[in-house]
Structures are given as C-alpha cells and as structure tokens.
Number of protein chains: 2
Amino acid sequence: MNQRDRVPTAFLRPTPSELGILRVLWRLGPCTVREVHEALSAEEKTGYTTVLKFLQIMHGKGLVERDETRRAHVYKARLAQRQAQRLMTSQLVDGVFDGSMSKLVMAALGDSGPATPAELAEIRELLDKLERGET
Amino acid sequence: MNQRDRVPTAFLRPTPSELGILRVLWRLGPCTVREVHEALSAEEKTGYTTVLKFLQIMHGKGLVERDETRRAHVYKARLAQRQAQRLMTSQLVDGVFDGSMSKLVMAALGDSGPATPAELAEIRELLDKLERGET
DNA sequence: CCCAAAACACGAAAGGCTTCGTAGTTCTTC
DNA sequence: GAAGAACTACGAAGCCTTTCGTGTTTTGGG
C-alpha cells in the first residue's frame, strides 16, 4: 500500500463492530486480542476468535497497526480518536448538512440536552477566539 | 414520543448509495424513479433499474414512502432532512465523541475553516438563548 | 521432553449491498 | 388494435460483513 495513503479509505465508513473495537483501543491504548475481547465482553457477548478475526481484517484494511514481536500480537488504532472525529464529522457534514459545518453546530447545540454551563462557557470562549483570531 | 417505529432502524446506517438518493429526495421533494435517476445521473453513472431497485429496497426498509396511485410511483423520504440530521448527529456523538455533544461542537468549530461572521453571530445568539432560556 | 493452555490462521456459512439483465405490464399514438 | 415506449417486478452474480469452528503453532511448567 501507498505510504502516502495516510488515511485509509476504510475509515470513511467503519462498521459498528469496527467502531466498537476502535473505541476500546482509543480508551485503553495498544491492546492484545485478549484485552480487547475482555473489554468488549463487558458490553456485548462476542467470541474470542470473532474479535481476533475483526482485528485481522481491520489490520488488512489499515484501520489498525500490529506489533508482532511478541507472541500475543499488540494492536493499535491507526488513527487517533481526534483524527477519526475530524474525518467522520466532515463525512457527516457532506452527507446530510449540505456541506455546512455551521448547520451541524446549530443542530448539535439545538438538539442536545443543552450542554452544561461549563461546556457552554467553553464553547463561547472558542467562539471569541475564532472571532478575534482569524478572519 | 414513541408512537410506532417512527424512525426506521435502517436510518441508523444509511449506505452511501442510499444517502445519495435521499439527498435527491430532500432537494427535489417527492420524485418518480425517472426523476431521481436523472438527478443522480448528473454526478454518477447509474442504470435506471439500479435506482429503481434501490428505491424498492429502501421502501422495504421504510426509508422512503411510495405513492402508487399513478403508474409511475412517486417516492418520498420518510424522514425530513432535519430529522436525519438529528439522528445521524447523535449517532456520531455516541460513536466517536464519547457521547459528548459539546465535544462535537468544539471539534466542528475548531476544524472547519472558521465559519463566516454571520454564522458565528448566529451561533452566539443560539448560545445566549440556551444560557438564558431553557435548562 | 511432553502436555495443556494460549495464541494465531484459515475457511466457511449466512446475510446484506450493489449492480444489472430480463421479462412482464400498462400506456400512447398512429 | 398493434407497435413501441415507459414502468415495475424479479432474480442472480459478485463482493463485503459478521460470526464462529477447527486446526496448527508456540510456550511455560512438571
């Protein structure tokens, strides 16, 4: 595969199962299959080999990296959570918000059980910075 | 709030093709297969019967409604774009933002080429309303 | 050294997505 | 009223996802 392919195209549409595994990897950092399986078992009933197979497939797709130096391979998310957030957010914006990021923000603010005051303040601060800093 | 499967579960994960069709229906309103096909053909090369089949399948899934009173059936998106935005946004928030809507907002505001001043003002106004009005 | 436990690889089945081709039905126009 | 256009329905092929079961390899303890 091309080294410049920094963002695997598979990331454009991770399946729910893949996301579940990625979430574990983001939360716990690099993990063996067993560790992922145990973390996942807390919520869903999944066979060990199912998780193994997923990680193998995800490795094939470039969604995760694999360290094979030890017997129990260690898997690691290829993209940081931040990057995945960026990607998938712009996916969503393109898909259903007519490409308008601010429509997304409006919808999110309007729909959410309104964020806590602290969060609102944080957002406001970011707005200030945006209005001053750039433009 | 739960009348009777108001939101088809298929909406939780529309495929790219399905989204393409839904976007046409949102933009043009209720359409015949031919109309959808023509709108879609502007961007992609798709066979007429392919579009027909998609609409049939989407009808089966409950993604679209169908008026059969005329020979050329008329299809209509089951959910308004606004509702789809709501749904898919909260999907995204659950999936990669640890359930935090404000994290999404922060990411969107931070990543986007900063919105126009008018948009920023609009967002700020909504913030004000949130902080005062509801809780 | 041998065995059980732990780990990986592989394959396969069931179901979903995508894409059409073909066949049958209804409408329009001479 | 027959020919052809415009529609719908159906089925099938090829590929992807999800889920395991089996089989093989490695390893640590007795």
Side-chain angles (χ1 to χ4, degrees), chain A residues 1 8-25 28 30-76 78 88 91 95, chain B residues 8-25 30-76 78 88 91 95:
Chain A
M1 303 191 187
T9 56
F11 241 113
L12 296 178
R13 201 176 156 64
T15 67
S17 312
E18 287 169 345
L19 249 192
I21 288 178
L22 287 173
R23 275 211 299 271
V24 170
L25 294 177
L28 305 183
C31 283
T32 63
V33 177
R34 182 147 304 280
E35 287 163 338
V36 172
H37 177 239
E38 268 160 20
L40 233 41
S41 293
E43 326 171 344
E44 325 166 38
K45 301 152 205 150
T46 318
Y48 173 86
T49 57
T50 302
V51 176
L52 169 63
K53 183 68 161 185
F54 270 126
L55 282 166
Q56 287 169 342
I57 289 175
M58 291 168 74
H59 180 238
K61 289 185 185 177
L63 261 64
V64 297
E65 287 162 7
R66 178 162 72 175
D67 176 356
E68 307 184 4
T69 57
R70 299 194 159 276
R71 180 153 103 93
H73 300 172
V74 174
Y75 291 87
K76 171 171 171 291
R78 172 94 155 64
M88 296 180 68
Q91 287 282 296
Chain B
T9 57
F11 243 111
L12 297 179
R13 201 177 156 64
T15 67
S17 312
E18 287 169 345
L19 249 193
I21 287 177
L22 287 173
R23 275 211 299 271
V24 170
L25 293 177
C31 283
T32 63
V33 177
R34 181 148 306 278
E35 288 164 337
V36 173
H37 177 239
E38 268 160 20
L40 233 41
S41 291
E43 327 171 343
E44 325 166 39
K45 300 154 207 152
T46 319
Y48 175 86
T49 56
T50 302
V51 175
L52 170 63
K53 183 69 160 186
F54 270 127
L55 282 166
Q56 287 169 343
I57 290 175
M58 290 168 75
H59 180 239
K61 290 184 184 175
L63 261 65
V64 297
E65 287 162 6
R66 178 162 71 175
D67 176 355
E68 306 182 3
T69 56
R70 301 195 157 274
R71 180 153 100 93
H73 299 171
V74 174
Y75 291 87
K76 171 170 172 292
R78 173 93 155 64
M88 296 179 67
Q91 286 284 292

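Numbered from 1 within each chain, the chains take letters A, B, ... in sequence-line order.
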Problem - Base versus backbone protein contacts along nucleotides 18-27 of chain C [heavy-atom cut-off under 4.0 Å; B, S, -] - result: BBBBB---BS

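Residues Cys31(B) and Leu25(B) share a closest heavy-atom pair of CB-CD2, 3.8 Å. Of all heavy-atom pairs spanning Val64(B) and Leu55(B), the tightest one is CG2-O, 3.9 Å. The two residues Val24(B) and Ala39(B) have their closest heavy-atom pair at CG1-CB, 3.7 Å.
Side-chain contact between Met58(B) and Leu22(B) is present, with heavy atoms from C-beta onward closer than 4.5 Å. Annotation: side chain of Val74(A) is not in contact with side chain of Thr69(A) (no heavy-atom distance under 4.5 Å). For the pair Leu63(A) and Arg78(A), the minimum side-chain heavy-atom distance is 4.5 Å or more. Here the side chains of Glu18(A) and Lys61(A) are in contact, with some heavy-atom distance below 4.5 Å.
In this structure, NE2 of His73(A) is placed 11 Å from P of dA7(C), rounded to the nearest angstrom. What separates CD of Glu35(B) from P of dT8(D) is a distance of 11 Å, to the nearest Å. Remark: C1' of dT18(D) and CG of Leu52(A) are 14 Å apart, rounded to the nearest angstrom. Going from atom CZ of Arg13(A) over to atom P of dT18(D) covers 10 Å, rounded to whole Å.
Of the residues in residues 63-70 of chain A, Arg66(A) come within less than 4.0 Å of DNA chain C through at least one heavy atom, sorted by number.
The side chain to side chain donor-acceptor pair (under 3.5 Å) search around Gln56(B) returns none, not counting sequence neighbours. Considering only residues two or more places apart in sequence or on other chains, Ser41(B) meets the side-chain contact (heavy atoms from CB on, under 4.5 Å) condition with His37(B).
Under 4.0 angstrom from either OP1 or OP2 of dT8(D) there lies no side-chain N or O belonging to Gln56(B). A close approach under 4.0 Å does not occur between any side-chain nitrogen or oxygen of Tyr48(B) and OP1 or OP2 of dA6(D).
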Please list every donor-acceptor pair under 3.5 Å in which a side-chain atom of residues 46-53 of chain A meets a protein atom from a residue at least two apart or in another chain.
none

Pull out every protein N or O sitting under 3.5 Å from an N or O of nucleotides 28-30 of chain C, one pair per line with the distance.
none

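Formation of a donor-acceptor pair under 3.5 Å by the Glu38(B) side chain with backbone atoms of Glu35(B) is not found in this model.
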